[in-house]
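Only one structure is covered here, and it is reproduced in the block below.
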Amino acid sequence: MPENPPLYTDMTVDEYLNFVSELKKVEKSKRNQQISDIMEMLRITDVRKRLIRNLSKGYKQRVGFAQALIGNPEVLILDEPTVGLDPNQILEVRSVIKDLGKEHTIILSTHIMQEVSAVCERIVIINKGKIVAVDTPENLSKAISKNSRFIFKISGEKSSVVGALQAVDGVKNVEVNEKIEDDVYEYIVDADKDVDVRKPVFFAMAKLGYPILETKEEELGLEEIFRELTTRDIAVNAESDNSQEDTSQEVPKEDEEAKENDGAEEQAQTDDKEVE
């Protein structure tokens with residue numbers, strides 16, 4: 001299913017899906033039932049008799065999805081399948097994709113990271129035509145993260161909490177994120193990679209008598225992972241370009257003139273020898 005499905009807008013939805021069924025050589029005895037099931041799945045039954053040209057963009061997108069499902073293919077390749085859909089329709093289509101994923105291999109091409117998080121079990125990131133990462137979302141986050149990051153919601157005197165957090169082994173940075181209540185703040189704690197500071201932080205706060213109201217480990221979002229993997233080589237190329245610029249120095253005009261004069265004298269001497 002391409003991002004902009006190739007629909008025949010002068011056909012009704014029924015006519016178009018029957019036409020696609022003929023192209024895909026679906027058995028006549030199974031054709032009507034399959035089309036009805038797909039229409040029901042994608043909630044387009046109520047527009048089956050309407051001309052495609054008169055449908056909204058969201059409905060056209062779902063009709064395009066329907067034609068991809070005709071013939072019950074083992075592999076489905078979907079390019080931006082929710083483009084043009086409203087929030088409710090997006091949730092419905094994502095649900096359909098997840099259900100189809102139980103029986104089909106689905107390759108979803110998209111730049112919408114929320115879409116990836118919602119439906120994908122494995123991610124392939126491509127940059128400039130080359131695969132730069134293949135893994136689960138969780139493993140990619142761990143591989144790319146330079147630090148372990150934790151968020152604590154703690155009730156207590158702010159400066160004392162910050163001092164105690166900074167004193168914990170493995171903690172690299174402490175940031176006060178926001179004030180929740182009078183003496184309750186949210187703290188972002190960056191620690192050495194693969195270091196879990198939750199237990200020592202618990203004991204440090206217990207020693208002060210400050211309760212920890214909430215704790216969670218924060219992972220890199222897919223947007224950050226994508227940016228990291230697709231801009232890394234750009235940074236390297238930029239450094240390379242800079243180093244090349246630094247090594248190529250402009251020759252002063254005086255030096256150029258001196259070289260030209262030297263060359264002229266050498267040529268004159270050579271000419272004299274030829275004359276002799």
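A 4.5 Å side-chain heavy-atom check between Asp135 and Ile123 finds every atom pair outside the cut-off. With a 4.5 Å cut-off on side-chain heavy atoms, Thr9 and Leu51 do not count as touching. No side-chain heavy atom of Thr136 sits under 4.5 Å from any side-chain heavy atom of Glu121. The closest side-chain heavy-atom distance from Thr215 to Lys153 is not below 4.5 Å. Using a 4.5 Å heavy-atom cutoff, the side chains of Glu80 and His111 are in contact. Between Arg48 and Ser36, the closest side-chain pair of non-hydrogen atoms falls below 4.5 Å. Residues Ile131 and Val124 meet the side-chain proximity criterion, which asks for heavy atoms closer than 4.5 Å. Inter-residue side-chain proximity for Val171 and Val174 is flagged as met; some heavy-atom pair is nearer than 4.5 Å.
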- Task: Kindly determine whether Met39 and Asp46 satisfy side-chain contact (heavy atoms from CB on, under 4.5 Å), including the steps that lead there.
- Result: CA-CA 9 Å; Met39 283 184 173; Asp46 55 335; over 6 Å; no
- Task: List the steps, then state whether side-chain contact (heavy atoms from CB on, under 4.5 Å) holds for Phe152 with Glu214.
- Result: CA-CA 6 Å; Phe152 297 95; Glu214 186 178 323; over 6 Å; no
- Going through the distances and angles, do Lys158 and Tyr187 end up as a side-chain contact (heavy atoms from CB on, under 4.5 Å)? CA-CA 10 Å; Lys158 182 169 63 173; Tyr187 301 87; 3.8 Å; yes
- Message: Ile151 vs Val189, test: side-chain contact (heavy atoms from CB on, under 4.5 Å). Steps then yes/no.
- Response: CA-CA 6 Å; Ile151 298 177; Val189 177; over 6 Å; no
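The CZ atom of Arg53 sits 10.5 Å away from the CG atom of Leu55 when rounded to the nearest 0.5 Å. For the atom pair Ser109 OG and Ile126 CD1, the distance stands at 8.0 Å (nearest 0.5 Å). Atom CD1 of Ile52 is separated from atom CG of Asp10 by 8.5 Å, given to the nearest 0.5 angstrom. Once rounded to the nearest 0.5 Å, the distance linking CG of Asp182 with OG of Ser155 reads 9.5 Å. Considering CD1 of Ile35 and CG of Leu69, their distance stands at 12.0 Å, rounded to 0.5 Å. Rounded to the nearest 0.5 angstrom, Lys57 NZ and Asn4 CG are separated by 6.5 Å.
Salt-bridge formation is detected for the pair Lys49/Asp14: a Lys NZ or Arg NE/NH1/NH2 atom is positioned less than 4.0 Å from an Asp or Glu carboxylate oxygen. Under the 4.0 Å criterion applied to side-chain N and carboxylate O atoms, Arg94 and Glu115 are assigned as salt-bridge partners. Between Asp99 and Lys102 a salt bridge is recorded (basic side-chain N to carboxylate O distance below 4.0 Å). At a threshold of 4.0 Å, the pair Asp190-Lys172 does not count as salt-bridged, since none of the basic side-chain nitrogens sits closer than that to a carboxylate oxygen.
When all heavy atoms of Val161 and Ile154 are compared, the closest pair comes out as CG1-CD1, 3.8 Å. Minimum interatomic distance between Gln34 and Asn72 (heavy atoms only, all atoms of both residues): OE1-N, 4.0 Å. When every heavy atom of Pro81 is checked against every heavy atom of Gln61, the shortest pair comes out as O-CG, 3.4 Å. Residues Met11 and Tyr16 approach most closely at SD-CA, 3.7 Å, considering heavy atoms. Of all non-hydrogen atoms in Val197 and Ala191, the two that sit nearest each other are CG1-CB, 3.7 Å. Nearest approach of Ile97 to Ile106, heavy atoms of both residues: O-CD1, 3.4 Å.
Proximity of a side-chain donor or acceptor of Glu22 to a complementary backbone N or O of Phe19 within less than 3.5 Å is not detected. In this structure, the side chain of His104 engages the main chain of Pro73 through a donor-acceptor pair within 3.5 Å. Without hydrogens or angle criteria, Asp86 side chain to Gln89 main chain gives a donor-acceptor distance under 3.5 Å. Side-chain atoms of Glu181 do not come within 3.5 Å of backbone N or O of Val184 as any donor-acceptor pair. For the pair Lys24 (side chain) and Ile70 (backbone), a donor-acceptor distance under 3.5 Å is present. Under a 3.5 Å cut-off, the side chain of Arg31 and the backbone N or O of Val26 do form a donor-acceptor pair. Checked by atom type and distance alone, the side chain of Ser117 pairs as donor or acceptor with a backbone atom of Met113 at under 3.5 Å. Judged purely by atom type and a 3.5 angstrom limit, Gln33 has no side-chain atom pairing as donor or acceptor with the backbone of Lys30. Although no hydrogens or angles enter the test, the distance criterion places no donor-acceptor pair under 3.5 Å between the side chain of Ser95 and the main chain of Leu91.
Hydrophobic clustering places Phe226 together with Val132 (ILVMFWY residues linked when any side-chain heavy atoms are closer than 4.5 Å, directly or through intermediates). Residue Ile212 is grouped with residue Tyr185 when hydrophobic side chains (ILVMFWY) are merged at heavy-atom distances under 4.5 angstrom, including chains of intermediate members. In the hydrophobic cluster analysis, where Ile, Leu, Val, Met, Phe, Trp and Tyr join through side-chain heavy atoms closer than 4.5 angstrom, Val13 is grouped together with Leu23. Grouping the Ile, Leu, Val, Met, Phe, Trp and Tyr side chains by contacts below 4.5 angstrom, directly or via other members, places Met1 with Met41. Ile77 and Leu108 end up in different hydrophobic clusters when Ile, Leu, Val, Met, Phe, Trp and Tyr side chains are linked at under 4.5 Å.
A donor atom on one side chain and an acceptor atom on the other are found under 3.5 Å apart for Ser159 and Glu157. A donor atom on one side chain and an acceptor atom on the other are not found under 3.5 Å apart for Glu92 and Asn88.
The number of heavy atoms from other shown groups lying within 6.0 Å of CG (Leu208) is above 12. No more than 12 heavy-atom neighbours from other residues, nucleotides or ligands sit within 6.0 angstrom of CG on Asp169. Atom CD of Glu74 sits in a sparse spot, with 12 or fewer heavy atoms from other residues, nucleotides or ligands closer than 6.0 Å.
Under a cutoff of 6.0 Å and an axis angle of 45°, Arg62 and Phe65 do not form a cation-pi pair.
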